[in-house]
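Down below is the structure, laid out as structure tokens.
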Amino acid sequence: MSISFKISENTKTKMIEYFQDKKRIKTPPYAVFQADEEDTVVTLYESGKVLFQGASADVDAAMWREMEKHLNPGKTVEVKDSKEKKTTDNVNNNYYNTSSIGSDEVGTGDYFGPIIVTAAYVDKSDIKFLESIGVDDSKKLNDNKILEIVPKFINKIKHTTIVLNNTDYNKYHNDEFNLNKIKAVLHNRALYNLKKQIPKYEYIIVDQFTTPKSYFKYLSNAPFVVRNITFLTKAESVHLSVACASLISRYHFINRMDEISTKLGIVIPYGAGKQITDAGQEIVKKFGEEKLIEVAKLNFKNTNDIKNTN
Ligand code: MN
């Protein structure tokens, strides 16, 4: 399978940073780099075209497409897929009408704010109600809609939410403890806490962010590991538990971002693009550089942009 699309400068920068240590020695013509991500070969071209090849190319492509969309809100990403488009509906139907657990995270592409992971359980008998309030359209909901819908179901759906604040993120994050490992640890913890409260369920579905092999490798030192997970991309449309998990995570994230803005007296932007620099510099000016430890993800390139002025 091979998938390609064009990315913007900001995503390009992120990719170069991310694949720093995974690069192959040889670079094909017109390429910035070629790298291995598990069994996927990733090639980034000078033109901004990025090519994913291999059996799980779709997973890695989906992750970076998310990043591109996240860093460049409103931009449409045209994806070229060499394989026949698999009918997602067929895949989805197996799971949709089940009583299952799902998890999803937010904040991993945002310079400011925490990382939040939620695991939620949706019983078959909840599906009609959730559809009636619009949860099935979770991907299309904007922040205002999320603030309106989530209170309608948050107390009816069993869930656990884990918040990794920025101080802890900055403490844990390093070369071995990368973003995917952090996600794996948080998903595992949220799922474990929820599973204890749900005696019977059919599936555990995780919105896929890495290969199953890597996911469990990241958890090799965890004291407890939830297994029998079904990893799926675009899982929020596969089962409403993932949609609920995604919405609840976003709901808390929006509120946290508002809290931080209010506390600092500075409106802090989402994402990790150019809009970050001004807000970051304002924070440094008002509270000093140390303040960033509490409100930002310091390993992002934005930290340099904030510090390197003129
Ligand atoms: Mn996700």
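Counting starts at 1 for both ligands and their atoms, following the listed order. Along the sequence shown, residues are numbered consecutively beginning with 1. Note that the structure is a prediction, hence the values are computed from the model and not measured. Only this structure's heavy atoms are used, side chains among them; waters, hydrogens and symmetry mates stay out.
For the residue pair Tyr18 and Glu37, a side-chain donor N or O sits within less than 3.5 Å of a side-chain acceptor on the partner.
For Asp207, the N/O/S atom at the shortest distance from the Mn ion (ligand 1) is named OD2.
The aromatic rings of Tyr192 and Phe224 sit parallel, their planes meeting at an angle under 30°, below the 60° perpendicular limit. Between Tyr111 and Phe300, the ring planes are tilted. Angles from 30° to 60° get that label.
What you find for Ser100 and Glu202 is that their closest heavy atoms are OG-CB, 4.0 Å.
Within the 2.8 Å limit, Asp104 places at least one N, O or S atom next to the Mn ion (ligand 1). At a cut-off of 2.8 Å, Glu66 does not coordinate the Mn ion (ligand 1) through any N, O or S atom.
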